[in-house]
Amino acid sequence: MVRTEHPLLSPSLGSQKTLVSFQVGDPTARPKVYLQASLHAEELPGMLVAHHLRPALERAEREGRVRGHVVLVPAANPIGLAQRLDHKAMGRFEFDTAQNFNRHYPDLAGAVLDTVRERLGPDGAANVALVRGAVANWLQAWAPRTELESLRRQLLLLAHDADVVLDMHCDWEAALHLYAEEACWPPLAPLAWLLGCRAVLLARDSGGDPFDETLSGLWWRLAERLRAAGIAHPLPQACASATVELRGEGDVSHEHARADTQAIVDYLRHLGVLRGPAPAIPPPSCQATPLAGSETLRSPVAGVVAFCVRPGDTLGVGEVVAEVIDPTAPGVSRVHPVTAGVAGVLYAAIGERYVVAGGEIGKIAGATPFRTGHLLGA
Ligand SMILES: [Zn+2]
């Protein structure tokens, strides 16, 4: 296993952060799988999975079972990890720009369209290699102006040519769930069932340019733009990328991490990255639903939140999810029930127990699309 330190751009005199990656297998071998954890720096279940995955990958390497190439970045956001305020971790937004660490990734399809459009041919595999080379050149030429840009560039340099990308996050309190683009869902389904996902949220393009969609979106967006330009050469969807939400922020335990690591190792065998008997894929543990059908429950009033259900529960329309209570109301306390507007699994809920007016309570994976525009939260 090769450990590499990648220095980020120094933002200030005497200050330098470093990203660390691990690799097993021949860097030119296929399939290539890229995994990273804690891009939102306070989301730590994936970091513990990385801790368990390292010896599993080392063992596979020692035993000659690595056929493809695996890149693992256990702590994908050294900038956010060091950000604290009032004794609390603050790893979702960069203090300097207020930008979400998992948004604003570049449009790689737009970046390479002009470079590749006249050089594509009838061979799909050759076209994939051509596009990957053009993306690598574009990333190499990108001169980051800030520490945050240098982090984004470094993560993409490690991940851009992977066949499968798993970005391990978590929610506040949550059941295991996964986000992916529709174009790359089929090859990810076995992973979802091995992990036992309670919700799968699919979007054509969720908006906001998160890390995973930049990598899978490259292929379908480029294919679409080439078609629009009258270029008919084949360009397969050469990357399947997912944001895997490993439950809630408090679900950092060896028990969960061992189970999730086993699921990922099984998936690596399924993909043929690791040699060994193909694992049995369990039956679907949920229904894949459109992200546009996911309801974000909000409370119109402020108060203390008492949940009536738990993440992972399946709800019907009108079911009370939580009561928001104002114990200062005249007469008796005001109790405002927050009810499910759609039927489905409550896959995430807030971690705090006080909500302000208009504040979020949780999210339900409904089956019928009703939202448009940007589909991700802040
Ligand atoms: Zn996250």
Side-chain angles (χ1 to χ4, degrees), residues 19 34-51 53 72-85 88-95 97-105 148 151-152 154-156 158-159 165-181 188 191-192 195 197-203 205-217 241-253 256-257 260 264 291 294 296 311-312 346-352 359-363 365 374-378:
L19 189 76
Y34 173 87
L35 304 108
Q36 70 177 25
S38 307
L39 181 57
H40 287 143
E42 63 267 70
E43 301 175 5
L44 299 171
M47 204 185 285
L48 194 61
V49 167
H51 161 69
L53 204 47
L72 172 65
V73 176
N77 185 359
I79 304 170
L81 274 173
Q83 293 188 165
R84 297 185 68 84
L85 185 67
K88 287 181 190 142
M90 292 280 163
R92 187 175 183 85
F93 302 94
E94 197 212 21
F95 278 169
T97 58
Q99 284 190 6
N100 187 322
F101 283 109
N102 192 25
R103 304 286 187 273
H104 311 289
Y105 275 82
L148 178 54
L151 175 66
R152 290 180 177 138
Q154 186 57 60
L155 294 174
L156 290 176
L158 290 164
V165 171
L166 303 181
D167 190 10
M168 296 184 278
H169 289 243
C170 70
D171 213 299
W172 290 305
E173 291 180 8
L176 212 157
H177 61 284
L178 176 153
Y179 297 92
E181 291 189 318
L188 294 165
L191 173 71
L195 285 166
C197 279
R198 291 290 291 123
V200 169
L201 293 308
L202 301 181
D205 154 26
S206 65
D209 305 312
F211 179 79
D212 67 327
E213 294 190 14
T214 282
L215 294 160
S216 50
S241 182
T243 295
V244 183
E245 302 276 347
L246 297 173
R247 307 174 194 85
E249 286 184 3
D251 295 320
V252 182
S253 72
H256 284 317
D260 297 341
I264 290 169
L291 183 56
S294 166
T296 300
L346 180 78
Y347 62 92
I350 54 171
E352 295 180 351
E360 192 175 325
I361 295 284
K363 289 176 273 196
H374 278 211
L375 299 174
L376 296 174

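All values reported here derive from a predicted model rather than from experimental measurement. Start at 1 and go down the list; that is how both ligands and their atoms are numbered.
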Polar protein atoms (N, O or S) that approach the Zn ion (ligand 1) to under 2.8 Å: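 Correct list: His40 ND1, Glu43 OE1, Glu43 OE2, His169 ND1.
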
NZ or CZ of Arg198 within 45° of Tyr347 ring axis and under 6.0 Å: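 Cation-pi check for Arg198 and Tyr347: fails.
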
Sequence-distant partners of Arg247, salt bridge (Lys or Arg N to Asp or Glu O under 4.0 Å), two or more places apart: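 Arg247 satisfies salt bridge (Lys or Arg N to Asp or Glu O under 4.0 Å) with Asp260 only.
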
Closest non-hydrogen atom pair between Leu151 and Pro78, with its separation: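 Heavy atoms of Leu151 and Pro78 come nearest at CD1-CD, 4.0 Å.
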
Spacing of His169 atom NE2 and Glu42 atom CD [to the nearest 0.5 Å]: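 Between His169 NE2 and Glu42 CD, I get 11.0 Å after rounding to 0.5 Å.
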
Atom pair CG (Asp209) and OG1 (Thr214), whose distance is rounded to the nearest 0.5 Å: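 Going from the CG atom of Asp209 to the OG1 atom of Thr214 covers 5.5 Å.
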
Asp251 and Cys170, any side-chain heavy atoms less than 4.5 Å apart: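 In short, these two side chains do not touch, never coming nearer than 4.5 Å.
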
